[in-house]
Amino acid sequence: MADERVEVVLRVNGRDHRLEVSPRWTLSDVLRHQVGLTGTHVGCEQGVCGACTVLLDGEPVRSCLIFGVQAEGHNVTTVEGITPESGLSPLQEAFRKHHALQCGYCTPGMLLTAQALLDREPNPSEETIREALTGNLCRCTGYQFIVDAVMAARGQGRGA
Amino acid sequence: MAEVLRPQMMGARVSRVEDPRLLSGQARFLDDIQVPGMLEVAFVRSPHAAAKIVAIDADAARRLPGVYAVITHQECPIVLWNQESYKVGQPALADGDVAYVGQPVVAVIAENRYIAEDAAELVRVEYQTLTPVWDMRDAIHEKPRRVHEQAENVFFQKSRQTPGFDEAFAAAPHHLKASFRTNRQTAVTMEPRGTAAMLDAASGRLTVYASTQSPHRMREDICTLLDIPEHLVRVIVPEVGGGFGMKATCYPEDVVVAHAAVKYRKPVKWISDRLESLESDVHARDDIHDVEVAFDDDGKIIAIKDHLMADGGAYPAYPWSGAEGETGLAARVLTGPYDIPYLATEIDCTYSNKTPLGAYRGVWGPIASFIQEGLVDRVARHLKLDPADVRRRNMIRKEQFPYRNAARMIYDEGSYLESMEEALKLIGYEDFRHRQAQLRQQGRYVGVGISVFVEPTAMASSEAGEVGYESCTIRIEPSGRVTAALGLGPSGQGHETTMAQILSDQLGVPLEDIVVLHGDTDSAPYGGGTGGSRSGPIGGGAALVAGRQMREKLIKYAAHLLEASEDDIELGDGKAWVTGVPDRSLTIRTIAQTAYLDVSKIPEGMPIGLEVTGRYLPKRPVTFSNGTHIAEVEVDVHTGVVKVTRYAVANDCGRVINPTIVEGQIHGGVAQGIGAAVLEALRYDEDGQLVTTSLLDYLLPESTDVPRIQVQHIETPSDGEGGIKGMAEGSLIAAPAAVACAISDALAPFGGMVDTLPVTPEMVLKMVQNS
Ligand code: FES
Ligand code: FES
């Protein structure tokens, strides 16, 4: 349990970060507390809720289930990384327009899961969207407006 | 007229002002608060349901590098005890014994959470276990023993009966008996609980960051328990990732963190992990009702008799037990929307060796609706009548308002029958019965469940406490922009938007020129906070009252500066003008500059500046929202799996501030209701061990578990400010009953009826096999 530190270089949202981390720190903790990107949320640390979802080379992963050191050599994308410099992305705009968030705690994870789906499959059906979101729990919205938002964002790309 | 008035904001589908920060990852939740030198806490919790503590050895933990302190009850001798109501209270850290799995025993304070958890594992606590008290019916009879030696297990008891009950009950031609059981559930906010506290070295004031629904109540609780005067404590509520009543309580961990910050003069933080949440967030819905119903040949219900029992867990949550809330109000609103003249209720709330019971959205309602609608369906089935018809025959009619129910609650006007007819249309009830018959021929079992609900809102006292009013401060800044503050504690309801909508109409300024502050006792006027569906009607009412006061000021200014009569001044679009002469106008900004910077022009007798605080205390002790939910389900009789396939809601919460937000709340409540009906249960084994300790065991509804929900609004305004009624709980009050009734309907060919929530696949299979 010694708290030894190792040096890693993590590529997050297109920038390299040289960090001293403990090998047992989860990627979510490293992103939140070392890189300072607190948009990634932690809801269970059990790999179930999906709040901590980030993209690793474009694929959604649960950042509470992997260690920070394991992300070295990969491209990590967080919610901050899919947010344009000014304003919101088409998907984020759709979330706002369709009231797809209430407390907003699950939202970053939802956005990343949905973005990865839309990147892969620009025109998914409602059923495909619901299937893709099963790993992201939301306690507030009952999902309907989230599904509506993702449907509305189909075919719009990631925006600027 | 040259001026184009902005549309009325009240009632408009306005996008939320909260959203951009939440969507871009810029919102600040509790765990995002980090200050230099901040220490983190991990708790050593009881692994036993009931035990004496023989010894605690924390030496190894204390020696671990990075550990700052290890504290027990000796160092932190605080008890969360509301002595006016209860004979026992919970020590913030266990004092000599433990009474539930997950009870905090030792707090380890270290440089970071990883080290704190390592050290917590090094703490050795020696226990001598006791027989756990875990069966509710046994516990009520003091078996196998008392949970607390100094107190009887039954800590809350109450009987009430409508005069003439016995005669009416006995004279009725038909009687049925049933026992209803709801299993323990909990709110499961996606953001776990957490607290951070720090002293301001200069002033000696304590700042507590709390993930709570009631900022002022939290301040009061911290002040009382830590014995600090109120002006020296500031509570700040950051972004809250869901509350649902569960965050309306002051917890032992809150108190330990605040205590440690004061004692060590260090910033201290604790964030719950999911295991801790499931075992230490207040639980809810642990109730049994033994019910009898009396009715006539037409299905008119004459009388209901109910023995309400609730397992309150090991201690009353602070400052009150959820068991009392669940049974107390259920006993008063058990007849729901029906005109049932006679009611007899008897309540027993008991201690047990389980987690304390507190509030969860709907509190009494999901249980009472389950029983009320379950009884109506039993009556219908017994008499071979259509369930919708039996509801029609029993429903309170328009001309009966204001209606006094059998427990003497006064209902203000609602749209009970209308809401049911609307919902029946939405779901296509007639058509459904044909479809159901056809599918049964093919061996497929579908059913509909009708749940007509009433929702008492804006009550004088609620889970948010005993403060029956709300306050709103409005300050128009010299620039003409508006800063408003309320004592609410939103956790996703969008109050920054809805309160701004109300103010925008009153002040005639655009929405984007208004900022609504909340959740900071230094800036917010004293208020009750958020809970019991009170923020819309009471908070919104306060915004209306304060808005009107400010509006009058603006009109006085404009009349004076434009040399017109006050009666001729209109406000809108950031301007004031003389009716019919739009050129004679000035901006709100000009008025504000006069009020602060050009004070010689202030109208005679008016103070410098533009600031008001308005308060609103509703005249009625309660206003009732209502509506009808109808669920359609398909039950797989081979696997026992229930799928909710269609869902319709007709909802009446008086005048709607923002229909989109109301619909979002309804969707969320329905999803939670589906969870309550078929998925969610906290299970204990016979040793009193909680066995559902992760979200893999405690199942929440996923995106594929919730169907599309059709919502229709009906508006029967209240006679309070703005005609607003509360609405956050109605959907969860109604939904479990709707799904339960639908399952009973689907399985009608097998004869049984649902009497326990959640309905598990095993239960379904049993109902099928028993036929
Ligand atoms: S926090 Fe990672 S899945 Fe819940
Ligand atoms: S918006 Fe609150 S958990 Fe999804």
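In what follows, every chain begins at residue 1, and chains take the letters A, B, ... in the order their sequences are listed.
- Contact of B:Val240 with chain A is made through the backbone alone, with heavy-atom distances under 4.5 Å.
- Screening B:Asp118, B:Asp273, B:Asp31 for a salt bridge (Lys or Arg N to Asp or Glu O under 4.0 Å) with B:Arg113, the sole residue that qualifies is B:Asp273.
- Proximity to chain A (any heavy atom under 4.5 Å) is shown, for B:Gln493, by neither the backbone nor the side chain.
- There is a side-chain donor-acceptor pair under 3.5 Å between A:Thr83 and A:Gln92.
- Between chain B and the residues A:Phe95, A:Tyr105, A:Trp25, the most heavy-atom pairs under 4.5 angstrom are made by A:Tyr105.
- In this structure, chain A has heavy atoms under 4.5 Å from both the backbone and the side chain of B:Ile661.
- If you measure heavy-atom distances from B:Glu663 to chain A, the contacts under 4.5 Å come from both the backbone and the side chain.
- Taking chain B as the reference chain and counting heavy-atom pairs below 4.5 Å, the highest number among A:Gly39, A:Cys103, A:Ala51, A:Gly142 is found for A:Cys103.
- Looking only at distances, a side-chain donor or acceptor of A:Arg62 sits under 3.5 Å from a matching main-chain atom of A:Gly47.
- Using a 4.5 Å cut-off between heavy atoms, A:Leu133 touches chain B through backbone and side chain atoms alike.
- Checking side-chain atoms of A:Asn75 against main-chain N and O of A:Asp57 turns up no donor-acceptor pair under 3.5 Å.
- Contact annotation for A:Arg139: both backbone and side-chain heavy atoms come within less than 4.5 Å of a heavy atom of chain B.
- Between chain A and the residues B:Gly669, B:Ala671, B:Gly241, the most heavy-atom pairs under 4.5 angstrom are made by B:Gly241.
- Classification of the A:His99-A:Phe145 ring pair by plane angle, with boundaries at 30° and 60°, yields tilted.
- With hydrogens and angles disregarded, no donor-acceptor distance shorter than 3.5 Å links the side chain of B:Tyr698 to the backbone of B:Val188.
- In this structure, A:Ser63 contributes its side chain and A:Cys52 its backbone to a donor-acceptor pair below 3.5 Å.
- Contacts between B:Ile115 and chain A at a heavy-atom distance below 4.5 Å involve backbone atoms as well as side-chain atoms.
- Looking at B:Pro490, there are no atoms closer than 4.5 Å to chain A (heavy atoms on both sides), in backbone or side chain.
- Looking at B:Thr660, the atoms closer than 4.5 Å to chain A (heavy atoms on both sides) sit in the backbone and in the side chain alike.
- When each of A:Asn136, A:Leu137, A:Asp148 is checked for a side-chain contact (heavy atoms from CB on, under 4.5 Å) with A:Tyr143, only A:Leu137 meets the rule.
- Using a distance-only test at 3.5 Å, with no hydrogens or angles considered, a donor-acceptor pair links the side chain of B:Gln185 to the main chain of B:Glu680.
- Taking chain B as the reference chain and counting heavy-atom pairs below 4.5 Å, the highest number among A:Leu91, A:Ile129, A:Asp29 is found for A:Asp29.
- Only the side chain of B:Phe29 has a heavy atom closer than 4.5 Å to any heavy atom of chain A.
- For the set A:Gln46, A:Glu45, A:Arg130, A:Arg96, the entry with the most heavy-atom pairs within less than 4.5 Å of chain B is A:Arg96.
- Chain B forms more heavy-atom pairs under 4.5 Å with one residue of A:Leu111, A:Thr141, A:Val79 than with any other, namely A:Thr141.
- The aromatic rings of B:Tyr360 and B:Phe244 lie perpendicular to each other, with more than 60° between the two planes, well past the 30° mark.
- Neither the backbone nor the side chain of B:Thr497 comes within less than 4.5 Å of any heavy atom in chain A.
- For a residue to count as touching a neighbouring chain, one of its non-hydrogen atoms must lie under 4.5 Å from one of that chain's; by this rule A:Glu131 touches chain B with backbone and side chain alike.
- Chosen from B:Pro701, B:Ala27, B:Gly494, the residue pairing most often with chain A at heavy-atom distances under 4.5 Å is B:Pro701.
- In the model, A:Thr78 has no side-chain atom that pairs as donor or acceptor with a side-chain atom of A:Thr40 under 3.5 Å.
- Of the residues considered (A:Glu127, A:Lys97, A:His33), A:His33 shows the highest number of contacts with chain B, using heavy-atom pairs under 4.5 Å.
- When atom types are taken as modelled, the side chain of B:Thr530 and the backbone of B:Gly489 share a donor-acceptor pair closer than 3.5 angstrom.
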